[in-house]
Amino acid sequence: MFEILPNWHPVFVHFTVALFLAAALLFFAAAAAPARSWSASCRTAAYWNLWLGAVMTLATVAAGIYAFNTVRHDEPGHLAMADHRNWALAAASLWWLMALWSWRQHRQRRAPAFAFLAALAVAAAVLLVTAWKGGELVYGHGLGVRSLPEAAGEGAPAGHHHDAAGDPGQPDHDPAAHGD
């Protein structure tokens, strides 16, 4: 299937990951120093980051499903995408549970319990694994990116080849080919 709309998943996912990780760090900071004057502010910011991340997850998952069904890929890429999708759905579910749990805590005006913080650490770990697997799709399998043109054949500059054994910053130029 050809891509009809642009792939928005990379845009949404970066906001989602940043909001959730910021929420976790702010919850941990507030729990580490509950008597400090800034602890309540950290907790308030953590709640908002968590809830905004949960809302953003809706767009992230929708865009991810769209990308899953439209990005061109081979069999190894498909297997990697399915693995990432499974981790992503688990992460999204965990973070939604965390958002609901935090909403209940907030409404009852209770500070996050140790069990909440432990579950938050697990959710953050699952999120990081999911993000790693998403990065592998792009950087390991080249999915969702346009390929660069081949530097061979007609139109390629003569003598402009890079040698891995030579200086990686300098192309291997053939002075005769350029009239140098």
Side-chain angles (χ1 to χ4, degrees), residues 3-71 73 77-146:
E3 191 174 311
I4 298 168
L5 298 171
N7 182 4
W8 285 92
H9 181 66
V11 174
F12 295 138
V13 75
H14 287 96
F15 283 104
T16 301
V17 170
L19 287 165
F20 283 150
L21 293 180
L25 291 173
L26 288 164
F27 274 121
F28 294 140
R36 304 291 258 177
S37 60
W38 46 263
S39 181
S41 296
C42 278
R43 196 167 34 257
T44 299
Y47 282 125
W48 278 106
N49 275 275
L50 178 54
W51 300 333
L52 289 171
V55 170
M56 192 67 161
T57 298
L58 299 173
T60 302
V61 169
I65 290 169
Y66 179 77
F68 184 85
N69 290 308
T70 59
V71 171
H73 57 277
H78 181 77
L79 294 173
M81 282 185 359
D83 185 42
H84 172 65
R85 177 205 56 209
N86 295 342
W87 277 90
L89 292 174
S93 299
L94 276 172
W95 282 98
W96 261 95
L97 288 172
M98 297 306 301
L100 293 172
W101 189 355
S102 73
W103 181 258
R104 185 170 177 236
Q105 285 178 154
H106 180 70
R107 301 264 311 166
Q108 295 174 348
R109 301 194 189 292
R110 291 190 338 214
F114 176 77
F116 176 82
L117 296 173
L120 191 62
V122 170
V126 170
L127 181 65
L128 290 171
V129 169
T130 304
W132 179 269
K133 289 178 176 288
E136 283 294 309
L137 291 176
V138 175
Y139 298 107
H141 294 274
L143 298 180
V145 296
R146 291 188 179 105

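Side chains included, hydrogens not; waters and symmetry mates left out as well; all remaining heavy atoms used.
Qualifying side chain to side chain donor-acceptor pair (under 3.5 Å) partners for Arg109, counting only residues two or more places apart in sequence or in other chains: none. Ala33 pairs by the side chain to side chain contact (heavy atoms under 4.5 Å, CB included) definition with Arg36, Trp38, not counting sequence neighbours. The ring pair (Phe, Tyr, Trp, His ring centres under 6.0 Å) search around His84 returns none, not counting sequence neighbours. Every side chain to side chain donor-acceptor pair (under 3.5 Å) that His78 has, sequence neighbours left out, goes to His73. The ring pair (Phe, Tyr, Trp, His ring centres under 6.0 Å) search around His14 returns none, not counting sequence neighbours.
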Pairs of donor and acceptor atoms involving the side chains of residues 119-145, under 3.5 Å and at least two apart or interchain, shall be tabulated with distances.
| unit_1 | atom_1 | unit_2 | atom_2 | d |
| --- | --- | --- | --- | --- |
| Thr130 | OG1 | Trp87 | O | 3.3 |
| Thr130 | OG1 | Val126 | O | 2.8 |
| Lys133 | NZ | Asp83 | OD2 | 2.6 |

Under 3.5 Å, side-chain donor or acceptor atoms of residues 51-59 against the rest of the protein: list the pairs with distances, not counting sequence neighbours.
| unit_1 | atom_1 | unit_2 | atom_2 | d |
| --- | --- | --- | --- | --- |
| Trp51 | NE1 | Ser102 | OG | 2.9 |
| Thr57 | OG1 | Gly53 | O | 2.7 |

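Side chains of Phe20 and Leu50 form a contact here, defined as non-hydrogen atoms less than 4.5 Å apart.
Atom NE2 of His106 is separated from atom OH of Tyr47 by 7.0 Å, given to the nearest 0.5 angstrom.
Annotation: side chain to side chain donor-acceptor pair (under 3.5 Å) contacts involving residues 19-35, sequence neighbours excluded, are absent. For residues 110-125, the pairs satisfying side chain to side chain donor-acceptor pair (under 3.5 Å) are Gln108-Arg110, with sequence neighbours left out. Judged as a salt bridge (charged side-chain N to carboxylate O under 4.0 Å, His left out), not a single pair has a partner in residues 87-107 (not counting sequence neighbours).
When all heavy atoms of Phe116 and Met98 are compared, the closest pair comes out as CE1-CE, 3.3 Å.
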